[in-house]
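First the structure, in the form of structure tokens, and then the observations on it.
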Amino acid sequence: MSDIKMNVMNPKRAIMGLEIVEVSAEHDKELSRVIKCVGEEYGAVGEGFGPSDAEVDAMSLSYTKENRSHYLVALLDGKVVGGCGLAPFGNDQNICELKKLFLLEESRGLGLGKQLAIACLAFGKEQGFTQCYLDTLSNMVAAVRLYEKLGFEHLPQPLEETLHGACDVWMLKQL
């Protein structure tokens, strides 16, 4: 994926003013606010949930191509409305993790989560990962449905090195 901003269009309707860009330091503060706000909305607060990870306050420092990581930010009329990332998982060089797909309510239902996830999964494949893991919450019904449609399969338990022990849905996809 290039460093050039992508214009995003939903096949069902054009979404004026919507862009997907790679994360940069200018997005960190607002992105942190979005992740924490959406986390709070779904009860993902405290130890064991993604919004509490230290990286949330400076996503641009954690997601770099040098460490085989990638985070995309969704902007609507220049406002950060969400994002999605991908990073190596644990010590297995073949497994990546789809991380922190969070969207403000105003940007849901537009197909944006799907576009972000597909772009991140393509990056993972380019990086040579063969599997992608994720963990989430069962009350994030639309997200779980999206992951299933993208080919993720449910696991009976989390992978051993997960950082999010409070999540109750674990999934894996072959890339």
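Using a 4.5 Å heavy-atom threshold, the side chains of Ser138 and Val144 count as separate. In this structure, the side chains of Leu121 and Phe152 come closer than 4.5 Å at one or more pairs of heavy atoms. Between Gln174 and Thr130 the shortest side-chain heavy-atom distance does not fall below 4.5 Å. At least one side-chain heavy atom of Leu155 sits less than 4.5 Å from a side-chain heavy atom of Tyr133.
Between the OG1 atom in Thr64 and the NE2 atom in His70 there is a gap of 11.5 Å [rounded to 0.5 Å]. Atom CG of Leu101 sits about 9.0 Å away from atom CG of Leu134, to the nearest 0.5 Å.
Side-chain heavy atoms closer than 4.5 Å link hydrophobic residues (I, L, V, M, F, W, Y) into clusters, and following such links, even through other members, never connects Leu61 to Val34.
At least one donor-acceptor pair closer than 3.5 Å links the side chain of Glu161 to the backbone N or O of Asn91. Within the 3.5 Å criterion, the main-chain N or O of Ser60 finds a donor-acceptor partner in the side chain of Asp28. Side chain of Asp135 to main chain of Met171: no donor-acceptor pair is present (N/O by atom type, distance under 3.5 Å, no hydrogens or angles). Under the 3.5 Å distance criterion, the side-chain polar atoms of Ser107 are matched with a main-chain donor or acceptor of Leu104. In terms of modelled atom types and a separation under 3.5 Å, the side chain of Arg68 and the main chain of Ala87 share no donor-acceptor contact.
Glu30 and Lys79 are not joined by a salt bridge, as no carboxylate oxygen comes within less than 4.0 angstrom of a charged side-chain nitrogen. A salt bridge is defined here as a Lys NZ or Arg NE, NH1 or NH2 lying under 4.0 Å from an Asp or Glu carboxylate O, and Lys36 with Asp57 meets this definition. Salt bridge present: Lys65 and Glu22 bring a charged side-chain N and a carboxylate O closer than 4.0 Å.
Looking at Gln131 and Asn94, their side chains never bring a donor and an acceptor atom within 3.5 Å of each other.
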**Request:** Decide yes or no on side-chain contact (heavy atoms from CB on, under 4.5 Å) for Val73 and Met59, but give the supporting numbers first.
**Result:** CA-CA 10 Å; Val73 178; Met59 297 290 279; over 6 Å; no
**Item:** Test side-chain contact (heavy atoms from CB on, under 4.5 Å) applied to Gln127 and Leu86, step by step
**Value:** CA-CA 11 Å; Gln127 294 296 307; Leu86 186 131; 5.8 Å; no
